[in-house]
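Below: the structure, in structure tokens.
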Amino acid sequence: KLALEDYVENLRDRNPEAVDIRTDIQVDGDCRYPLMIESNVYRIVQEACENSLRYAHGKHLTISGALAENQIELQIADDGVGLDRDTSLRFNDLLTHRHFGLAGMHERASVIGAELQIVSTPGMGTQVQLVWKLKDSI
């Protein structure tokens with residue numbers, strides 16, 4: 001949570017008047033995860049935020065969710081222009097059309113066994129949802 005809040009503070013400093021950036025991340029306990037999980041989750045959030053600031057031209061950006069001992073649920077949402085209706089969010093299509101940031105987000109989620117969903121409506125914004133759950137040990 002602290003790393004994400006520090007990152008958001010940096011975003012606010014870089015964009016003092018352009019976008020209203022808010023966080024609402026609930027924490028249950030200490031919530032430390034293996035470095036590989038933390039690093040990839042951080043990079044996914046970072047890419048989603050950078051995409052929003054660079055391309056969405058929205059007025060609001062919100063990072064929300066919950067961190068629990070065995071689960072991470074985060075959502076990054078903006079009220080920007082959204083993706084074109086013709087934009088396919090399938091991994092191979094993203095690579096073909098040079099959407100490397102979005103493809104990288106999918107790849108990072110896959111590496112850590114997380115679910116990543118991107119929902120975008122032209123003119124209404126984009127939501128990125130990331131869910132990671134600790135797998136049961138055998």
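When a residue number appears, it is its place in the shown sequence, counting from 1.
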Between Leu74 and Val27, is there a shared hydrophobic cluster once you connect ILVMFWY residues whose side-chain heavy atoms come closer than 4.5 Å?
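Same cluster.
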Shared ILVMFWY cluster between Leu134 and Tyr42, side chains joined below 4.5 angstrom?
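As far as the 4.5 Å side-chain criterion goes, Tyr42 and Leu134 are connected within one cluster.
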Under 3.5 Å, is there a donor-acceptor pair between the side chain of Trp132 and the main chain of Ile112?
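Indeed, once roles are kept as given, a pair shorter than 3.5 Å links the two residues.
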Please answer whether the main-chain N or O of Cys31 pairs with a side-chain N or O of Lys1 as donor and acceptor at a distance below 3.5 Å.
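Flag not set: sc Lys1 to bb Cys31 has no pair under 3.5 Å.
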Less than 4.5 Å apart, side chain to side chain, heavy atoms only: is that true for [X] and [Y]?
X	Y	result
Met36	Val111	yes
Glu47	Val128	no
Leu4	Thr23	no
Ile72	Ile37	yes
Ile21	Ile63	yes
Leu11	Glu50	yes

Spacing of [atom1] belonging to [X] relative to [atom2] belonging to [Y], to within rounding of 0.5 Å:
X	Y	atom1	atom2	result
Asn10	Asn15	CG	CG	9.0 Å
Glu107	Met105	CD	CE	12.5 Å
Asn40	Leu130	CG	CG	9.5 Å
Ile118	Gln129	CD1	CD	11.5 Å

For residues 75-84, dump all side-chain donor-acceptor pairs below 3.5 Å to protein atoms at least two apart in sequence or in another chain.
{"residue": "Gln75", "atom": "NE2", "partner": "Gln127", "partner atom": "OE1", "Å": "3.0"}
{"residue": "Asp78", "atom": "OD1", "partner": "Gly80", "partner atom": "N", "Å": "2.9"}
{"residue": "Asp78", "atom": "OD1", "partner": "Thr126", "partner atom": "N", "Å": "3.2"}
{"residue": "Asp78", "atom": "OD2", "partner": "Ser52", "partner atom": "OG", "Å": "3.0"}
{"residue": "Asp79", "atom": "OD1", "partner": "Lys59", "partner atom": "N", "Å": "2.8"}
{"residue": "Asp79", "atom": "OD1", "partner": "His60", "partner atom": "N", "Å": "2.9"}

Heavy-atom neighbours of Glu69 CD exceed 12 at 6.0 Å
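Check fails, neighbour count at 12 or below.
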Residue Tyr55 excluded, over 12 heavy atoms near OH under 6.0 Å:
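No, the 6.0 Å shell around OH holds no more than 12 heavy atoms from other groups.
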Nearest heavy-atom neighbours spanning Tyr7 and Cys49:
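Minimum heavy-atom separation between Tyr7 and Cys49: OH-CB, 3.7 Å.
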At their closest point, which heavy atom of Arg54 faces which heavy atom of His57, and how far apart are they?
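For Arg54 versus His57, the nearest heavy atoms are O-CE1, 3.9 Å.
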Regarding Arg22 and Asp24, does a basic nitrogen lie under 4.0 Å from an acidic carboxylate oxygen?
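Looking at Arg22 and Asp24, the cut-off is not met.
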Run the salt-bridge test on Glu38 and Arg32 with the 4.0 Å N-O cut-off and return the result as yes or no.
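Counted as a salt bridge, because a side-chain N and a carboxylate O are separated by less than 4.0 Å.
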